[in-house]
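Since the structure comes first, as structure tokens, the remarks are kept for the end.
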Amino acid sequence: MSVSITLNVNGVAYPLSVEPHRTLVSVIRGEVGLTGTKEGCDDCECGACMVLVDGNPVNSCSYLAVQTDGREVTTVEGLGTADEPHPLQRNIVAEGGVQCGFCTPGMLISATALLSASPQPSEDEIRIALGGNLCRCTGYQKIVRAVQRTADELAGAR
């Protein structure tokens with residue numbers, strides 16, 4: 001039995017018919033066709049599947065697509081474009097915070113949520129906010145520096 005929903009992803013409405021048990025990550029990657037959101041552990045442990053739902057970070061591997069009917073979902077593709085990347089996207093590259101890249105979408109989403117809630121976070125606040133995102137390559141320091149650099153950059157633009 002399918003359920004009709006409207007999935008609003010990055011400002012675009014997708015009228016869909018989905019099985020009630022389908023996860024948000026599977027629908028975003030499958031029906032919507034956006035593959036930036038990764039499915040890593042499928043158990044809310046790694047953060048690779050992180051998206052924003054109404055501005056709040058959620059693990060889309062354990063969030064049902066039907067729960068987002070009529071709500072706004074933001075994926076990493078919604079943060080910026082190739083021509084105009086979000087400052088976080090630019091700075092994570094500039095600081096060397098991308099190696100294999102598998103964790104990067106989730107890190108960017110978590111950092112976006114943090115900076116929205118706390119525009120000038122401390123290093124401890126950044127580390128706590130990124131605590132649900134696992135990275136096996138960078139050791140986190142470069143990612144933390146990228147978030148700090150973005151906070152400083154955005155503060156200067158205000």
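What you see is a predicted model, and the numbers here were worked out from it, not measured in a lab.
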Check residues 77-84 and write down every donor-acceptor pair under 3.5 Å in which the side-chain atom is one partner and the other belongs to a residue at least two apart or another chain.
| from | atom 1 | to | atom 2 | distance (Å) |
| --- | --- | --- | --- | --- |
| E77 | OE1 | T75 | OG1 | 2.7 |
| E77 | OE2 | T35 | N | 3.3 |
| E77 | OE2 | G36 | N | 2.6 |
| T81 | OG1 | D83 | N | 3.4 |
| T81 | OG1 | E84 | N | 2.8 |

Could you tell me whether a side-chain N or O of Y140 sits under 3.5 Å from a main-chain N or O of C135, the two making a donor and an acceptor? yes

Using the rule that two of Ile, Leu, Val, Met, Phe, Trp, Tyr join whenever any of their side-chain heavy atoms come within less than 4.5 Å, decide whether [X] and [Y] are in one cluster.
{"X": "L34", "Y": "M107", "result": "no"}
{"X": "I126", "Y": "I109", "result": "yes"}
{"X": "L24", "Y": "V18", "result": "yes"}
{"X": "V9", "Y": "Y63", "result": "yes"}
{"X": "F102", "Y": "V76", "result": "no"}

Does any part of the side chain of [Y], heavy atoms only, come nearer than 4.5 Å to the side chain of [X], both counted from C-beta?
{"X": "L114", "Y": "T112", "answer": "no"}
{"X": "L115", "Y": "P121", "answer": "yes"}
{"X": "L154", "Y": "P87", "answer": "yes"}
{"X": "T6", "Y": "Y14", "answer": "no"}
{"X": "R71", "Y": "N8", "answer": "no"}

Do you know which two heavy atoms are closest between [X] and [Y], and how far apart they sit?
{"X": "P20", "Y": "V3", "result": "CG-CG2, 3.8 Å"}
{"X": "G96", "Y": "K142", "result": "O-CD, 3.1 Å"}
{"X": "I143", "Y": "G97", "result": "CG1-O, 3.6 Å"}
{"X": "A129", "Y": "S110", "result": "O-CB, 3.9 Å"}

I need the [X] [atom1] to [Y] [atom2] distance, nearest 0.5 Å.
{"X": "C103", "Y": "K38", "atom1": "SG", "atom2": "NZ", "answer": "11.0 Å"}
{"X": "T150", "Y": "R90", "atom1": "OG1", "atom2": "CZ", "answer": "7.5 Å"}
{"X": "D54", "Y": "T68", "atom1": "CG", "atom2": "OG1", "answer": "9.0 Å"}
{"X": "Q148", "Y": "S122", "atom1": "CD", "atom2": "OG", "answer": "9.0 Å"}
{"X": "I28", "Y": "T37", "atom1": "CD1", "atom2": "OG1", "answer": "5.0 Å"}
{"X": "Q67", "Y": "S60", "atom1": "CD", "atom2": "OG", "answer": "11.5 Å"}

Using the salt bridge (Lys or Arg N to Asp or Glu O under 4.0 Å) criterion, which residues pair with R29? Sequence neighbours excluded. none

With sequence neighbours excluded, what pairs up with D152 under the salt bridge (Lys or Arg N to Asp or Glu O under 4.0 Å) test?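 Expected list: none.
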
Show me the donor-acceptor pairs, under 3.5 Å and distance only, between side chains in residues 39-53 and residues at least two apart or in other chains.
none

Candidate pair L108 and H86, rule side chain to side chain contact (heavy atoms under 4.5 Å, CB included), full reasoning: CA-CA 9 Å; L108 290 167; H86 185 282; over 6 Å; no

Side chain to side chain contact (heavy atoms under 4.5 Å, CB included) between D69 and L7, worked out: CA-CA 6 Å; D69 186 24; L7 190 60; over 6 Å; no

Verdict with supporting geometry, V73 and N10, side chain to side chain contact (heavy atoms under 4.5 Å, CB included): CA-CA 6 Å; V73 177; N10 303 329; over 6 Å; no

Under the side chain to side chain contact (heavy atoms under 4.5 Å, CB included) test, residues paired with S17 that sit two or more places apart: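 By the side chain to side chain contact (heavy atoms under 4.5 Å, CB included) rule, S17 matches S2.
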
Residue list, side chain to side chain contact (heavy atoms under 4.5 Å, CB included) with R22, at least two apart or on another chain: E19, S26, V27, E31

Start with the C-alpha distance between V147 and L88, add both sets of side-chain angles, then the distance that settles side chain to side chain contact (heavy atoms under 4.5 Å, CB included), and finish with yes or no. CA-CA 7 Å; V147 176; L88 271 169; 4.1 Å; yes

Please determine whether a side-chain nitrogen of the Lys or Arg among E95 and R145 lies less than 4.0 Å from a carboxylate oxygen of the Asp or Glu. yes

Taking the basic N atoms (NZ, or NE/NH1/NH2) and the acidic carboxylate oxygens, is any pair closer than 4.0 Å for E153 and R149?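 No salt bridge links E153 with R149.
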
